[in-house]
Colleague: 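I'd like to ask you about the structure that follows.
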Amino acid sequence: MQKLKGKTAVVTGSSKGIGAEIALQFAAAGAAVIVNYSSSAEGADRVVQTIVEQGGRAVAVGADVSDAEQRRNLFLQAEAILGHVDILVNNAGVFRYFPLEEITETSLQWMFGLNVFGLLLTTRDAIALMPPSGGSVINISSLASTSSPMHGTVYSATKAAVDSITRSLAKELGPRKIRVNAIRPGAIETEGTVSGGLISGERLRTFLETTPLGRIGWPTDIAPAATFLASDEASWISGETLLIAGGRGI
Ligand code: NAP
């Protein structure tokens, strides 16, 4: 059975990594998907092409979701293409680790601007398009929201904010039948973590040693949980933050 048959979804930052896999699995589950990207039009087009080849429905829409004007355009297009939005996945996020003395206003604004302000304002704009029957918002947080790794001060703080936003909005939006949940991935092999050198060398060894299931994660470890949380099977689940990290961080 297709769990998301007849539903519409916007997945931010789905030109690659975790977001791309969520978009692919949502479409396979029957949803019509807006594949949002910021700079990688080619990556987004590849995701859309794969979906269409498999008989699904998807359209790529470019928008930096930390920018008010571009976000406005994203939802104008979402309304024109999908009519309404049943599911929003706030996946777009940036991560970088640095010591305290290297933290600048620019780095703070960059990470908080997307991971927190962008996520919150994207949610505000998306729920305006959710029908009276309700909807589902899924925020991609991180294990780092509670593990608070050294040099991850800014990133961890943004994801701790995401967990808090998830719980507050679950309370506020519940009466409108909108569920709000978060997924907290552990270390996942993606374009972002590979190019950032975050899952190699000493760091990778530490991940493997401290992960009970003894391996790094993949986007395919995350997307099925997003599909479940987006589906009617999760209709009594809201305000949850689900750790998916191979047993790490428990
Ligand atoms: P990734 O491989 O770097 O991909 C990031 C995606 O976000 C890309 O599609 C990128 O689009 C998009 N994006 C970046 N800035 C954007 C913006 N301003 N507006 C719209 N889209 C934007 O990242 P990932 O590793 O898959 O991570 C995805 C999410 O999972 C993030 O929120 C991250 O914090 C979280 N997470 C990741 C891990 C991990 O180990 N990978 C662990 C825990 C949590 P363009 O390429 O078009 O710019």
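Ligands are counted one by one from 1 in listed order, and the atoms in each one are counted from 1 as well.
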Colleague: In terms of side-chain geometry, is the basic nitrogen of Lys5 or Asp232 positioned less than 4.0 Å from the acidic oxygen of its partner?
Modeller: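 No, this pair does not count.
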Colleague: Has Arg124 got its NZ or CZ under 6.0 Å from the middle of the six-membered ring of Phe75, at an angle within 45 degrees of the ring axis?
Modeller: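 No, Arg124 does not lie over the aromatic ring of Phe75.
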Colleague: Flag the pair Arg71 and Asp64 as a salt bridge only when some basic side-chain nitrogen lies within less than 4.0 angstrom of an acidic carboxylate oxygen.
Modeller: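 Answer for the salt bridge query: no.
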Colleague: Name every donor-acceptor pair, under 3.5 Å, that has one atom in a side chain of residues 51-61 and the other anywhere in the protein, sequence neighbours excluded.
Modeller:
from, atom 1, to, atom 2, distance (Å)
Glu53, OE2, Gln49, NE2, 3.0

Colleague: Checking Arg96 against Ser107: is there a side-chain donor and acceptor pair closer than 3.5 Å?
Modeller: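 Distance-only check fails for Ser107 and Arg96.
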Colleague: Under 3.5 Å, is there a donor-acceptor pair between the Asn181 and Thr166 side chains?
Modeller: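 No donor-acceptor contact under 3.5 Å links the two side chains.
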Colleague: Show the distances, to 0.1 Å, for all pairs joining an N/O atom of ligand 1 and a protein N/O atom that are shorter than 3.5 Å, listing one pair per line.
Modeller:
from, atom 1, to, atom 2, distance (Å)
ligand 1, 2 (O), Thr190, OG1, 3.4
ligand 1, 2 (O), Gly192, N, 2.9
ligand 1, 9 (O), Gly13, O, 3.1
ligand 1, 9 (O), Ser15, N, 3.3
ligand 1, 9 (O), Ser15, OG, 2.7
ligand 1, 11 (O), Ser15, OG, 3.2
ligand 1, 18 (N), Asp64, OD1, 2.8
ligand 1, 19 (N), Val65, N, 3.0
ligand 1, 25 (O), Thr190, OG1, 2.6
ligand 1, 26 (O), Ile18, N, 2.9
ligand 1, 32 (O), Asn91, O, 2.8
ligand 1, 32 (O), Lys159, NZ, 3.0
ligand 1, 34 (O), Tyr155, OH, 2.7
ligand 1, 34 (O), Lys159, NZ, 3.1
ligand 1, 40 (O), Ile188, N, 2.8
ligand 1, 40 (O), Ile188, O, 3.3
ligand 1, 41 (N), Ile188, O, 3.2
ligand 1, 46 (O), Ser15, OG, 3.4
ligand 1, 46 (O), Lys16, NZ, 2.6
ligand 1, 46 (O), Ser40, OG, 2.5
ligand 1, 47 (O), Ser15, OG, 3.3
ligand 1, 47 (O), Ser38, N, 2.9
ligand 1, 47 (O), Ser39, N, 2.7
ligand 1, 47 (O), Ser40, N, 2.6
ligand 1, 47 (O), Ser40, OG, 3.2
ligand 1, 48 (O), Ser39, N, 3.2
ligand 1, 48 (O), Ser39, OG, 2.9

